2 protein chains.
Amino acid sequence: MGEQLQEQRLSEVLKAVSDATRRSILTTLVQEGPLRVTELAGRYDMSLNAISKHIKVLESAHLVTRRTIGRVHLIEADLDPVRAVDAWFGQLRSIWDLRLERLGEVIAKGVTRDERPVPDGNKDDPGPG
Amino acid sequence: MGEQLQEQRLSEVLKAVSDATRRSILTTLVQEGPLRVTELAGRYDMSLNAISKHIKVLESAHLVTRRTIGRVHLIEADLDPVRAVDAWFGQLRSIWDLRLERLGEVIAKGVTRDERPVPDGNKDDPGPG
DNA sequence: ACGATATTCAACCAAATGGGTGAACAATTG
DNA sequence: CAATTGTTCACCCATTTGGTTGAATATCGT
């Protein structure tokens, strides 16, 4: 159990970085280290509030963390959730390679498509229910 | 030039895979090879049209291609665009590591934060433009 | 205590998203 | 040609998104 939770989190992370502004914020933070909201906002042609919202999106995807010191909120990048993304893509690619490999064997043996074995489970998705 | 175009494509790909249903479709296609729209749709508790739309999203992100044979549309996964995603994450991580490394040196030398060299360019974003 | 600064909250808005339904279109089959 | 099958198109609908502005809240400096 709990795979859908993982799925959910993966969706959240991917959605968070699917926005160019948010990617840029993340890159900036990774490059320069923790920055204040205002400092960050100053670099974009966008209202402070807009940036504040973007930060919150990144925050709930756990791609950034916040350290509040007095009235200043220090925003810091955290690349940990990216590993889940890597894992997913990696798995996808390995399945892909496996299938190609198997397809190669099948062709070599001259087995027809209908006769070849069913590929085994992928334990991730809301999948083909 | 053309980095924003790359950015745009990256956004499209990430957004496409940020939906669990679409990720599942992609995984299924990778596992089982090209499938018809109806076949694909049959696996989800969702209308044929909904799946058709999801496929179109994946298609415009170039994550799947379509081969139309008569009235049948064969949908096939294409993991090529995933490389762009990997590249971005990879770059992000290497910047991250670089900064940590530099930070280590700085600490070792006892230089203050304000004195340390400015990190060099990241040539991707709509960035702190 | 007061004014300035840093940030969020709340409301609003236009546009995009994810879903549904019914009609249209294309190709295959009888 | 008529019926059936595979798929998209055109709408409709509720929700989310990305942005705005203005007010509220909290902290700092004087």
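Proteins come first, then strands; the chains are lettered A, B, ... in the order of their sequence lines, and each starts at number 1. Since this is a predicted model, take the numbers as computed values, not measurements.
- When the P atom of C:dG18 is taken as reference, atom OH of B:Y44 falls 15 Å away, rounded to whole Å.
- Atom P of nucleotide C:dA16 and atom CD of B:E12 are separated by 13 Å, given to the nearest angstrom.
- Using a 4.5 Å heavy-atom cutoff, the side chains of A:D78 and A:H62 are not in contact.
- No donor-acceptor pair under 3.5 Å is formed between the side chain of B:R67 and the backbone N or O of B:H73.
- Side-chain N/O atoms of B:S47 include one lying less than 4.0 angstrom from OP1 or OP2 on C:dG20.
- Using a 4.5 Å heavy-atom threshold, the side chains of B:E12 and B:E7 count as separate.
- One finds the CG atom of B:L63 at 13.0 Å from the CD atom of B:E76 (value rounded to the nearest 0.5 Å).
- The separation between B:H54 atom NE2 and C:dG18 atom P is 6 Å, rounded to whole Å.
- When the side-chain nitrogen and oxygen atoms of A:K15 are compared with OP1 and OP2 of C:dT17, none of them lie within a distance under 4.0 Å.
- Atom-to-atom, CG of B:L14 to C1' of D:dT17 comes out at 17 Å; the value is rounded to the nearest Å.
- What separates CG of A:L74 from P of C:dA6 is a distance of 13 Å, to the nearest Å.
- For A:Y44 (side chain) and A:A50 (main-chain N/O), no donor-acceptor pair under 3.5 Å exists by modelled atom type.
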## Note on the structure
For nucleotides 23-30 of chain C, 5' to 3', base contacts (B), sugar-phosphate-only contacts (S) and non-contacts (-) with protein non-hydrogen atoms under 4.0 Å give ----BS--
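- B:S52 places no side-chain N or O within donor-acceptor distance of the main-chain N or O of B:L48, the cut-off being under 3.5 Å.
- Rounded to whole angstrom, the span from the CG atom of B:D19 across to the C1' atom of C:dT17 amounts to 9 Å.
- A:S11 and B:R23 are linked by a side-chain donor-acceptor pair at a separation below 3.5 angstrom, with hydrogens and angles left out of the test.
- The hydrophobic clustering, which links ILVMFWY residues whose side-chain heavy atoms are closer than 4.5 Å, places A:V17 and A:V82 together.
- Rounded to an integer number of Å, the gap from CG of B:L48 to P of D:dC9 is 13 Å.
- Between the B:S24 side chain and the B:A20 main chain, no donor and acceptor come within less than 3.5 Å of each other.
- Positionally, the nearest nucleotide of DNA chain D for B:R36 lies more toward the 5' end than for the other of B:K53 and B:R36.
- Within residues 55-63 of chain B, the residues approached by DNA chain D to less than 4.0 Å at the level of any non-hydrogen atom are B:K56, in residue-number order.
- A:D45 places its CG atom 13 Å from the C1' atom of D:dT20, with the value rounded to the nearest Å.
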